[in-house]
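Below: one structure in structure tokens.
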Amino acid sequence: MTDPETLADRVQEGDLRIHELEDHADHDTAAAARRLLVERESGTDLEAIGDYAFDAERAEPNIENMIGAAQVPMGVVGPVPVDGGAADGDHYLPLATTEGALLASVNRGLGVIRSAGGADARVTKNGMTRAPVFRVAGVAEAAETVDWVSQNLEALAEAAESTTSHGELLDIEPYVVGDSVYLRFAYDTKDAMGMNMATIATGEACELVERETPASLVALSGNMCSDKKPAAINAVEGRGRSVTADAVIPGELVEDRLHTTADAIAEANTRKNLVGSAKAGSLGFNAHAANVVGAAFLATGQDEAQVVEAANTITTMDAREREDGTTDLYASVSLASLEVGTVGGGTKLPTQAEALDVLGLRGGGDPPGSNADALAEIIAVGALAGELSLLGALASNHLASAHEDLGR
Ligand SMILES: CC(C)(COP(=O)([O-])OP(=O)([O-])OC[C@H]1O[C@@H](n2cnc3c(N)ncnc32)[C@H](O)[C@@H]1OP(=O)([O-])[O-])[C@@H](O)C(=O)NCCC(=O)NCCSC(=O)C[C@@](C)(O)CC(=O)[O-]
Ligand SMILES: NC(=O)C1=CN([C@@H]2O[C@H](COP(=O)(O)OP(=O)(O)OC[C@H]3O[C@@H](n4cnc5c(N)ncnc54)[C@H](OP(=O)(O)O)[C@@H]3O)[C@@H](O)[C@H]2O)C=CC1
């Protein structure tokens, strides 16, 4: 018998483990059995969690012990006007969030950017990193290991790239701390965010390092990568895509649409995003880049834990005087470590794939890597719009009233 009730009974009797149900029933039945079990044990009703719009089997690579889906509202902002290295033209940007006023804000910022003639955006660096840590006897062995690595980059690339038909090893940066050696491998992972790809490839290269040097692998990730933690190395060296977007907004547009002046926004940015962040010891010199990145990540199937890395964004806003005496606003965001993909991970799930379709970026690009570059550029322009609108609201003292009207 493979009905949900029988399966739930068998788990409760200790006859089956909760993560084995897919071996005894199809994926949707297994999820229903787990829901039933949780409902019985917690006295809850999981009707909404169980009301999902895709075959549970499609989510098999993405989740274990599935009981249903968390449904986050999704909206669109835009069109986003981007003149990029990979992205071009106008795109609606899907964003999923529970924060009222966020889409209104980004939409307002995009409207201003559109009226100003659009934004430029470029990916300036690309490299997904994985940094294993090795044990050595001391500094002499550490130097021997680092030396061997620097002289054998080709052999290490051959080993790493034997595990992937898309990934390319770009560089290995060594770091030594006493008897620990960290090798920060950086890969061009094309249209994949690349964390699985880079991890598998680095595992293969590590076997060669262990064979040829005195170093012993302690952990395939030694936190110099640095994945899913705030880290200065990502802010300085980059991780995934380093992407910058900018726009020049005429002063009259700032006044008409953001209800303030270029000077007031520039001052708010300096005192808040630069000085305030410095005083707070923040790694993020921005207002809320993580808001746009997080909402875009949820909508398009990115790994949401990597919003951490995108939070190190630096926002600049400068008042630029024109010859006619009026003042424009130069606005930019630089996201040093935006980790995005259009293949792999959560991008294949039905709603996430549809969201990528809205951008015209589902799947691999031509040439490979161009779709992920374009996604990074579009998200960066979304973040720029969010910064403009929020700084405008702060400079005109509209933040609290906006959230009274829209956010509750
Ligand atoms: C709320 C607004 C936009 C009103 O701003 P407004 O200028 O009074 O709005 P408006 O009614 O004149 O409309 C202007 C444009 O905004 C957009 N817009 C306006 N309403 C909507 C809507 N319902 N749905 C979609 N789009 C909307 C739309 O583009 C519209 O243009 P139109 O299309 O009409 O020509 C403005 O006050 C604002 O942006 N406030 C800032 C809110 C914000 O950015 N919140 C983000 C979260 S804050 C946070 O989480 C982080 C924080 C604050 O803690 C970080 C930190 O420490 O800084
Ligand atoms: N393992 C880890 O330590 C971590 C894993 N993750 C998870 O990793 C997943 C993302 O890893 P990721 O490697 O991106 O994805 P996948 O593991 O889903 O692999 C994507 C694969 O798609 C293939 N591919 C097809 N077309 C392309 C193309 N145009 N460009 C690039 N690759 C292409 C590549 O195969 P081939 O290599 O054969 O060429 C690539 O390895 C997410 O689910 C994330 O949550 C997150 C953090 C850490």
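We count ligands from 1, going down the list as the structure has it; atoms in each ligand are counted the same way. Treat the numbers as computed from the prediction; the structure is a model and nothing was measured.
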Counting only heavy atoms, which portion of L110 has something under 4.0 Å from ligand 1: side chain, backbone, both, or neither?
->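 The answer is neither; L110 stays 4.0 Å or more away.
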With heavy atoms only and a cut-off of under 4.0 Å, state how A393 meets ligand 1: side chain, backbone, both or neither.
-> side chain
Go through the steps for Q302 and T300 under the test side-chain hydrogen bond (donor to acceptor under 3.5 Å, both in side chains), then give the verdict.
-> CA-CA 6 Å; Q302 311 303 315; T300 61; 3.2 Å; yes
Test item, N291 contacting ligand 1 (heavy atom, 4.0 angstrom) =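 The answer is yes: ligand 1 sits under 4.0 Å from a heavy atom of N291.
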Any donor-acceptor pair under 3.5 Å linking the side chain of E387 with the backbone of H288?
->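 Yes: the side chain of E387 pairs with the backbone of H288.
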Within the structure, does at least one protein heavy atom fall under 4.0 Å of atom 18 (N) of ligand 1?
-> yes
Between CG on residue L95 and CG on residue L102, distance to nearest 0.5 Å |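 It is 6.5 Å, given to the nearest 0.5 Å.
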In ligand 1, the atoms that come under 4.0 Å of a heavy atom of E99 are 47 (C), 48 (S), 49 (C), 50 (O)
What residue and heavy atom of the protein are closest to atom 52 (C) of ligand 1, and at what distance?
-> L390 CD2, 4.4 Å
For residues T313 and F285, determine if any side-chain heavy atom of one lies less than 4.5 Å from a side-chain heavy atom of the other.
->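 A side-chain contact is absent here, since even the closest heavy-atom pair is not under 4.5 Å.
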Atom 21 (C) of ligand 1: which of A101, A104, G75 has the nearest heavy atom?
->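 That would be A104.
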Which protein non-hydrogen atom lies closest to atom 45 (N) of ligand 1, naming both residue and atom, and how far is it?
->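 For this ligand atom, the closest protein heavy atom is H403 NE2, 3.0 Å.
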Is A287 near ligand 1, meaning one of its heavy atoms is under 4.0 Å from it?
-> yes
Heavy atom of the protein closest to atom 39 (O) of ligand 1 (residue, atom name, distance) = S389 OG, 2.7 Å
Top protein contact for atom 7 (O) of ligand 1, by heavy-atom distance |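 Sorting protein heavy atoms by distance from atom 7 (O) of ligand 1 puts H259 NE2, 2.7 Å first.
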Hey, is the main chain of H166 close enough, under 3.5 Å, to the side chain of T164 for a donor-acceptor pair?
-> yes
Nearest protein heavy atom to atom 26 (N) of ligand 1, by residue and atom, and its distance?
-> N107 ND2, 3.1 Å
List for me each residue that meets side-chain hydrogen bond (donor to acceptor under 3.5 Å, both in side chains) alongside T124, sequence neighbours excluded, and say none if there are none.
-> none
Check whether any protein heavy atom sits under 4.0 Å from atom 30 (C) of ligand 1.
->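 Within 4.0 Å of atom 30 (C) of ligand 1, no protein heavy atoms are found.
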Classify the side-chain pair E212/N152 by whether it contains a donor and acceptor separated by less than 3.5 Å.
->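 There is no such pair (donor and acceptor under 3.5 Å, judged by atom type) between the side chains of E212 and N152.
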Heavy-atom donor-acceptor pair, R122 side chain to D83 backbone, under 3.5 Å =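 Yes: the side chain of R122 pairs with the backbone of D83.
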Donor-acceptor contact below 3.5 Å, side chain S226 vs main chain N223 =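 Side chain of S226 to backbone of N223, a donor-acceptor pair under 3.5 Å: yes, one is there.
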Among all protein non-hydrogen atoms, which one is nearest to atom 44 (O) of ligand 1, and what is the separation to 0.1 Å?
->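 Going atom by atom, the protein heavy atom closest to atom 44 (O) of ligand 1 ends up being S105 OG, 2.7 Å.
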Do R108 side-chain atoms and S389 backbone N/O form a donor-acceptor pair below 3.5 Å?
-> yes
Around atom 23 (N) of ligand 1, find the nearest protein heavy atom and jot down its residue, atom name and distance.
-> L406 CD2, 3.9 Å
For atom 11 (O) of ligand 1, is the nearest protein heavy atom under 4.0 Å away?
-> no
Give the residue, atom name and distance (to 0.1 Å) of the protein heavy atom nearest atom 37 (O) of ligand 1.
-> A402 CB, 3.4 Å
Counting only heavy atoms on the protein side, is anything nearer than 4.0 Å to atom 34 (O) of ligand 1?
->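 Neighbour list for atom 34 (O) of ligand 1 is empty of protein heavy atoms (cut-off 4.0 Å).
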Of the choices H288, K272, R257, which has the non-hydrogen atom that lies closest to atom 57 (O) of ligand 1?
->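 Ranked by closest heavy atom to atom 57 (O) of ligand 1, first place is K272.
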Between S277 and S282, a side-chain donor and acceptor under 3.5 Å =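 S277 vs S282: no donor-acceptor pair found between side chains.
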Closer than 4.0 Å: a protein non-hydrogen atom to atom 5 (O) of ligand 1 =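 It does; a protein heavy atom is within 4.0 Å.
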N/O to N/O under 3.5 Å, ligand 2 against protein:
residue  : atom   : partner : partner atom : Å
ligand 2 : 1 (N)  : N196    : OD1          : 2.8
ligand 2 : 3 (O)  : R130    : NH2          : 2.7
ligand 2 : 3 (O)  : T199    : OG1          : 3.4
ligand 2 : 8 (O)  : N196    : OD1          : 3.4
ligand 2 : 8 (O)  : N196    : ND2          : 3.3
ligand 2 : 11 (O) : N196    : N            : 3.2
ligand 2 : 13 (O) : N196    : N            : 3.2
ligand 2 : 13 (O) : M197    : N            : 2.9
ligand 2 : 14 (O) : M193    : N            : 3.3
ligand 2 : 14 (O) : G194    : N            : 2.6
ligand 2 : 17 (O) : N196    : ND2          : 2.8
ligand 2 : 18 (O) : G345    : N            : 3.1
ligand 2 : 26 (N) : H166    : NE2          : 3.4
ligand 2 : 29 (N) : D191    : OD2          : 3.1
ligand 2 : 30 (N) : D191    : N            : 3.0
ligand 2 : 37 (O) : T164    : OG1          : 2.7
ligand 2 : 39 (O) : T164    : OG1          : 3.3
ligand 2 : 39 (O) : S165    : N            : 2.9
ligand 2 : 39 (O) : S165    : OG           : 2.8
ligand 2 : 39 (O) : H166    : N            : 2.9
ligand 2 : 39 (O) : H166    : ND1          : 2.6
ligand 2 : 45 (O) : D303    : OD2          : 2.7

Keeping the roles fixed (side chain from R239, backbone from A336), state whether a donor-acceptor pair exists under 3.5 Å.
->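 Side chain of R239 to backbone of A336, a donor-acceptor pair under 3.5 Å: no, none is there.
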Donor-acceptor pair between N312 and S337 side chains, under 3.5 angstrom = yes
For a salt bridge (Lys or Arg N to Asp or Glu O under 4.0 Å) with R34, tell me which candidate from E22, E64, E41 qualifies.
->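 By the salt bridge (Lys or Arg N to Asp or Glu O under 4.0 Å) criterion, R34 pairs with just one of E22, E64, E41: E22.
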Should the proximity of R108 to ligand 1, defined as any heavy atom under 4.0 Å, be assigned to the side chain, the backbone, both, or neither?
->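 Looking at R108 and ligand 1, atoms from backbone and side chain both fall under 4.0 Å.
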Check: E377 side chain, G85 main-chain N or O, donor-acceptor pair, under 3.5 Å |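 Between the backbone of G85 and the side chain of E377 there is a qualifying donor-acceptor contact (under 3.5 Å).
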Any protein heavy atom lying closer than 4.0 Å to atom 50 (O) of ligand 1?
-> yes
Determine yes or no for a side-chain-to-main-chain donor-acceptor pair under 3.5 angstrom, with T199 supplying the side chain and M195 the backbone.
-> yes
With the side chain counted from C-beta on, respond yes when E204 and I200 share a heavy-atom pair under 4.5 Å apart, and no when they do not.
-> no
